[in-house]
Protein chains: 2
Amino acid sequence: MKHITIKDVAKKLNVSISTVSRAFNDKYDIKKETRDLILQTAQELGYRPNPIARKLIQQRSFNIGIVVPEFENSFFPQIMLGAQEVLHNKGYQVLIMQSNYSWEIERKNVETLVDNMVDGLIISLTSEKQNNEYYKELLKQDIPIVFFNRAVDEIPASKVLFDDFKWALFATEHLIMQGYRDIVHLTGTHNLTLTKNRLRGFEQAHRKHKLPPGKIISCGFKMEDGERIAQELIDRNEIPRAIFAANDSCAIGAMNVFKQHGYKIPNDIAIVGFTESKLAKHTYPSLTSVEQPTRDIGQTSANLLLEQIENKGFFVPQTIILNGRLNVRDSSIKIK
Amino acid sequence: MKHITIKDVAKKLNVSISTVSRAFNDKYDIKKETRDLILQTAQELGYRPNPIARKLIQQRSFNIGIVVPEFENSFFPQIMLGAQEVLHNKGYQVLIMQSNYSWEIERKNVETLVDNMVDGLIISLTSEKQNNEYYKELLKQDIPIVFFNRAVDEIPASKVLFDDFKWALFATEHLIMQGYRDIVHLTGTHNLTLTKNRLRGFEQAHRKHKLPPGKIISCGFKMEDGERIAQELIDRNEIPRAIFAANDSCAIGAMNVFKQHGYKIPNDIAIVGFTESKLAKHTYPSLTSVEQPTRDIGQTSANLLLEQIENKGFFVPQTIILNGRLNVRDSSIKIK
DNA sequence: ATTTTTATCGGAAACGTTTCCGATAGTTGT
DNA sequence: ACAACTATCGGAAACGTTTCCGATAAAAAT
């Protein structure tokens, strides 16, 4: 069973292919009756315009590409849901690829997406260096891109970000106001802007409350990282009174190890996480965490991208910073 | 800055476009030196063959489409990781779309993927009815598809499935052997084969151990479903001794409500879930659950699809059923 | 009644490739 | 030395559309 092409329906009705094409696209230049006739017989024959051919000549696809590092943690999935919502409404389809935290794969992802002539890209960077030149090149070629979550100043594109500094400050302040001192910060992956900002927030909170600087331990974003650090702290008998972790996975990893060793949360050690994960509500005790407006991030990114697509050429990059929320739970309740 | 096409590099070297094309594709019919020269100058010019045009004529894309209902629960993401692994190795790129549990969106997803000329599709059905005719049509057009997780007999395609019956039986048996009686089954979404199979397993376990049939409550797959049912049971004061839920979300929802009302897990109520979610390890108490071999499902699906692509035309659909594991945790430990 | 406009359509080029067919020149065999 | 082959390349059709340009006939204007 071969593909049914525009020629088949043209032949069937003894009209030219231009006319059939017009039936599908033009608003004028075609009689209403012939249009209806064509549309109807096309339907009967099961004809669908081949978008590959269409792309080739129109140079646009009504497809949007999204590239994220992973989607195991419901953070990115929720963002994608938000983006998909507004994109679908505008008639765009969403193609998703995951880079697996590898910048090489990310590069390949973006390349295939571009090769498939997506009209725009929404990207969360895996590396803050490796592909920068490539992205600059893409932007020069006038391909609309908006970055979210992770971005670099160096790349002149639209971004939607989270105020990591502010919310890290709030989170730390929360611990301080609950009466905790001797707070340790477990940082995220090294060299990431977002890591640095959370760290800055942590430090600022101490300064603001005239406390001596808190201890900083380089950790990482994975659960194993948190487990490892907790174990080290126990081994060295350097148990802090409270922990502010750069994300939830790391916080939960640490919490588990501490619990296994008989420490009570929060009575012995209070813990606050970051980037509300699905787990936070269900751990024991439940984990206090900063929640990012995931759906909003997705929607805002999508809207920014659409704007950019429509005003191609003379669009000035914007950076939008969104607000979050601190979900206070059992892991950091007040000291008695 | 315009796209650089094959013509540009042909002109630059005073060769024909056929020769350039051959440089990129043929193994013979071209002198080694010219090939190297062409490849090199192509590189310098920044030329990349336009896959859209290539698709148009070759009718293949080296892209594979995956359609899943969602990816918030790490079940599908892990499967996709597995699939991506083997597909990347074979030079395929993976395009992902989410149907959001809507068969209309699923339909649109598949259509755009097909329109984009993916070489094959990996799909987890959202509805067991609505799109059946459409899928049959696609198969008639010789488009390779493999279904996983959810599938229907009616569609003659390859499938990789889980033995829901067997593992529901094991899970129930586990509760029985731990000494629990008066076990209630919270079923999944109505009418799904997978729901029926888990139910059958639950019943079979009772028969096998010569117990009176267990109580069955129609529930659903979401956390709210579990919460609702638990609340109802409490209101009616019909507290069971143990629960086998059709999935983890539902199990956790119920567990939370019971806990809030002062019931102890497992001392008052034991609980077993299904389809190991990331949460299971971290709830309090940790949740016993049947783990599906997610990565394996992805890999197997991909391999099946590749086989099918290579033997297009004379390929007989296979159904592969994979094995799981029962992760015993605190929520179902032995009665004292 | 003749000219001008309008509505509707067909022809053909274009998008960027691949691939079949044939041309040319050099190489081998007899 | 002549036929037959081989290696290497160019020309052109094809993939399935869109779109520009022009053609035709009917409608409107003069």
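Bear in mind the structure is a predicted one, so any value in this text is a computation, not a measurement. Per chain, numbering begins at 1; letters A, B, ... match sequence-line order.
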How are the rings of B/F147 and B/Y135 set relative to one another: parallel (under 30°), tilted (30 to 60°) or perpendicular (over 60°)?
-> perpendicular

Look at the side chain of B/T19 against the base of D/dG10 and say whether a donor-acceptor pair falls under 3.5 Å; ignore hydrogens and angles.
-> no

Take atom CD1 of A/I52 and atom P of D/dT17, then tell me their distance rounded to the nearest Å.
-> 11 Å

Of A/M117 and A/V20, whose nearest nucleotide on DNA chain C comes first from the 5' end?
-> A/V20

Quick one: B/R22 CZ to C/dC20 P, roughly how many Å, whole number?
-> 11 Å

Check every strand shown and say whether B/D8 touches a base, only sugar-phosphate, or nothing at a heavy-atom separation below 4.0 Å.
-> nothing

Should A/T34 be listed as having a side-chain N or O under 4.0 Å from OP1 or OP2 of C/dC9?
-> yes

Taking atom types as modelled and ignoring hydrogens, do the side chains of A/S21 and A/S18 form a donor-acceptor contact shorter than 3.5 angstrom?
-> no

Could you tell me whether B/D8 and B/K12 make a salt bridge, using a distance below 4.0 angstrom between a side-chain N and a carboxylate O?
-> no

Sidechain N-carboxylate O distance under 4.0 Å for A/K108, A/E111 | no

Comparing A/I6 and B/I30 on DNA chain D - which has the more 5′ nearest nucleotide | B/I30

Quick one: the side chain of A/S18 and the base of C/dG11, do they pair up donor-acceptor inside 3.5 Å?
-> yes

Options C/dC9, D/dT18, C/dG11, nucleotide nearest the side-chain atoms of A/N25 | D/dT18

Residue pair B/L125 / B/E106, side-chain heavy-atom distance below 4.5 Å | yes

Answer yes or no: does a side-chain N or O of B/S21 lie under 4.0 Å from OP1 or OP2 of C/dT18?
-> yes

Using a cut-off of 4.0 Å on non-hydrogen atoms, how would the nucleic acid contact of B/R48 be classed: base, sugar-phosphate, or nothing?
-> sugar-phosphate

Measure from CD on B/Q58 to P on C/dT18 and round the result to the nearest Å.
-> 6 Å

Would A/F221 and A/Y101 satisfy ring pair (Phe, Tyr, Trp, His ring centres under 6.0 Å), going step by step from the backbone distance to the final call?
-> CA-CA 12 Å; A/F221 282 142; A/Y101 287 110; 8.4 Å; no

From CA spacing to verdict: side chain to side chain contact (heavy atoms under 4.5 Å, CB included), B/N63, B/N116 | CA-CA 9 Å; B/N63 287 171; B/N116 277 287; over 6 Å; no

Between B/R35 (CZ) and D/dA7 (C1'), how many Å, whole number?
-> 14 Å

Heteroatom pairs (N/O) under 3.5 angstrom, protein to nucleotides 13-15 of chain D:
none

Report which part of the nucleic acid A/D29 touches: base, sugar-phosphate, or nothing (heavy-atom distance under 4.0 Å, all strands).
-> base

B/N14 atom CG is separated from D/dT8 atom P, nearest whole Å, by 20 Å

On DNA chain D, nearest-nucleotide positions of A/Y47 versus B/K31: which is more 5'?
-> B/K31

Between C1' of C/dG16 and NZ of B/K11, the distance in whole Å | 13 Å

Integer-rounded Å distance: D/dC9 C1' and B/F24 CZ = 17 Å

Whole-Å gap separating P (D/dC20) and CG (A/D26) = 10 Å

Specify whether A/F148 and A/F76 have parallel, tilted or perpendicular ring planes, treating 30° as the upper limit for parallel and 60° as the lower limit for perpendicular.
-> perpendicular

